[in-house]
Amino acid sequence: MPSPTPTPIATPGPLPKAELHLHIEGTLEPELAFALAGRNGVELPYASEDELRAAYSFSDLQSFLNLYYALMAVLRTQDDFAELADAYLARARQQGVRHAEIFFDPQAHTARGVPIGTVIGGLSRALDAAEETYGITTRLIMCFLRDESAESAVETFEAARPYLDRITAVGLDSAEVGHPPSKFREVYALAREAGLKCVAHAGEEGPPSYVWEALDILGVDRIDHGVRCLEDEALVARLVAEQMPLTLCPLSNVRLRVYDRLQDHPLPSMLDAGLLVTVNSDDPAYFGGYVDDNFTAVRDALGLDDAALRTLARNSFRAAFLDEATREVYLKEVDAH
Ligand code: ADE
Ligand code: ZN
């Protein structure tokens, strides 16, 4: 359970921020992948960490997902999941993260014979220690793989019922095109009934209609990515009017070829339009940087000034699933930085 209001801390380093779009499996660095492979007797089809890193060249989302799912073979025990999450949180601390809302993909593990309790137990162990160890508050978001069936999503939700006190929200990820949000209407209704928040990846590679469906059919509280909303004026007006948060991931968008160059990223015009945008890292081990690296990269490539970066940091706390007292503490930290 989240603990009472944290004490404000003075941070001379990076801007204090919340990370709201982070796949824990996407923080698996080659060094840890090889260490876990050795420990668990899993053979990786790469001779070295450098050879694995050399495979990080993607043409689209699916080409990344193929490697992302393959490497998960090394994650087998509670200790493995705890170590993965702890390694992320240690890095996040260095990046100015004060609050992290972390996605995980249970179906990618249960399909390999790893029980959901092992996954949630290991991740929770690291997250529960994070406030004391790193000064980071955390939430866990359970994602459904949209290229699996709607029935599998419901089965996964039912398998997670004993652990719902550890889970703040449900999400929707994996291969987007051809798997619209409406496919998952039933499981999102179950999640809402159980008192969970709802988010969904929409408008990363998929069309604006997927963003409309996430809003109108799934009733989401945030949209993950959402950049393709810009193709639909009425949709932008709706997102602005509702101040619906969009969790953008600029370095990810370039690595997965949504945009050719970071200079082409629409983040500045989205800020200008009044959209509630945040900057996040998605799968930082694969995309060349953690969240503050994303902040630095957009500052340099897009010429964002200090005021814009501060707005992004403030937005991250505005969009977080936090109680109001804690939100105020974090917003004050941004203002004092
Ligand atoms: N799973 C991990 N990263 C993802 C992304 N960027 N889009 C969809 N699913 C994902
Ligand atoms: Zn993502």
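In listed order, ligands and their atoms are each counted from 1. Keep in mind that the numbers below use all heavy atoms, side chains included, and drop hydrogens, waters and symmetry copies.
Using the six-membered ring where Trp is involved, Phe64 and Tyr68 have ring planes that are tilted, between 30° and 60° apart.
When distances to the Zn ion (ligand 2) are checked against a cut-off of 2.8 Å, Asp224 contributes no N, O or S atom below that limit. In summary, His23 places an N/O/S atom under 2.8 Å from the Zn ion (ligand 2), meeting the contact criterion. Among the atoms of His225, no N, O or S atom is found under 2.8 Å from the Zn ion (ligand 2).
When side chains are defined from C-beta on, Leu251 does not count as touching Ser281, because their heavy atoms never get closer than 4.5 Å. Side-chain contact check for Leu196 versus Thr168: every heavy-atom pair is 4.5 Å or farther apart.
Shown in contact with Phe64 at under 4.0 Å from a heavy atom are these atoms of ligand 1, numbered in order with element: 2 (C), 3 (N). Shown in contact with His225 at under 4.0 Å from a heavy atom are these atoms of ligand 1, numbered in order with element: 6 (N).
Contact annotation: Asp224 has no heavy atom less than 4.0 Å from any atom of ligand 1. Not a single heavy atom of Gly26 lies less than 4.0 angstrom from ligand 1.
In this structure, Leu235 CG and Leu239 CG are separated by 4.5 Å, a value rounded to the nearest 0.5 Å.
Judged by distance alone, with hydrogens and angles left aside, the side-chain atoms of Arg98 form no donor-acceptor pair with the main-chain N or O of Ala18 at under 3.5 Å. Between the Glu204 side chain and the His225 main chain, no donor and acceptor come within less than 3.5 Å of each other. In this structure, the side chain of Arg327 engages the main chain of Ala320 through a donor-acceptor pair within 3.5 Å. A donor-acceptor contact shorter than 3.5 Å is absent between the side chain of Glu19 and the backbone of His99.
For the Zn ion (ligand 2), the nearest N, O or S atom contributed by His201 is named NE2. Its N, O or S atom nearest to the Zn ion (ligand 2) is what matters here, and for Asp282 that atom is OD1.
Electrostatic pairing of Asp216 and Arg238 counts as a salt bridge here, judged by a charged N lying under 4.0 Å from a carboxylate O. Using a 4.0 Å cut-off between a side-chain N of Lys or Arg and a carboxylate O of Asp or Glu, Asp80 and Arg39 qualify as a salt bridge. Using a 4.0 Å cut-off between a side-chain N of Lys or Arg and a carboxylate O of Asp or Glu, Arg222 and Glu101 qualify as a salt bridge.
Of all the heavy atoms of Glu25, none lies under 4.0 Å from any atom of ligand 1, so neither backbone nor side chain is involved. Contacts between Leu61 and ligand 1 below 4.0 angstrom, taking non-hydrogen atoms only, involve the side chain exclusively.
Looking at ligand 1, you won't find any N or O of Asp105 less than 3.5 Å from one of its N or O atoms. Checked by distance only, ligand 1 and Asp283 come closer than 3.5 Å through their nitrogen or oxygen atoms. When only interatomic distances are considered, the shortest N/O to N/O separation between His21 and ligand 1 does not fall below 3.5 Å.
In terms of protein heavy-atom proximity, atom 1 (N) of ligand 1 is nearest to His23 CE1, 3.5 Å. For atom 9 (N) of ligand 1, the nearest protein heavy atom (residue, atom name, distance) is Ser174 N, 2.8 Å. Among all non-hydrogen protein atoms, the one lying nearest atom 7 (N) of ligand 1 is Glu204 OE1, 2.8 Å. Asp282 OD2, 2.7 Å is the protein heavy atom nearest to atom 6 (N) of ligand 1.
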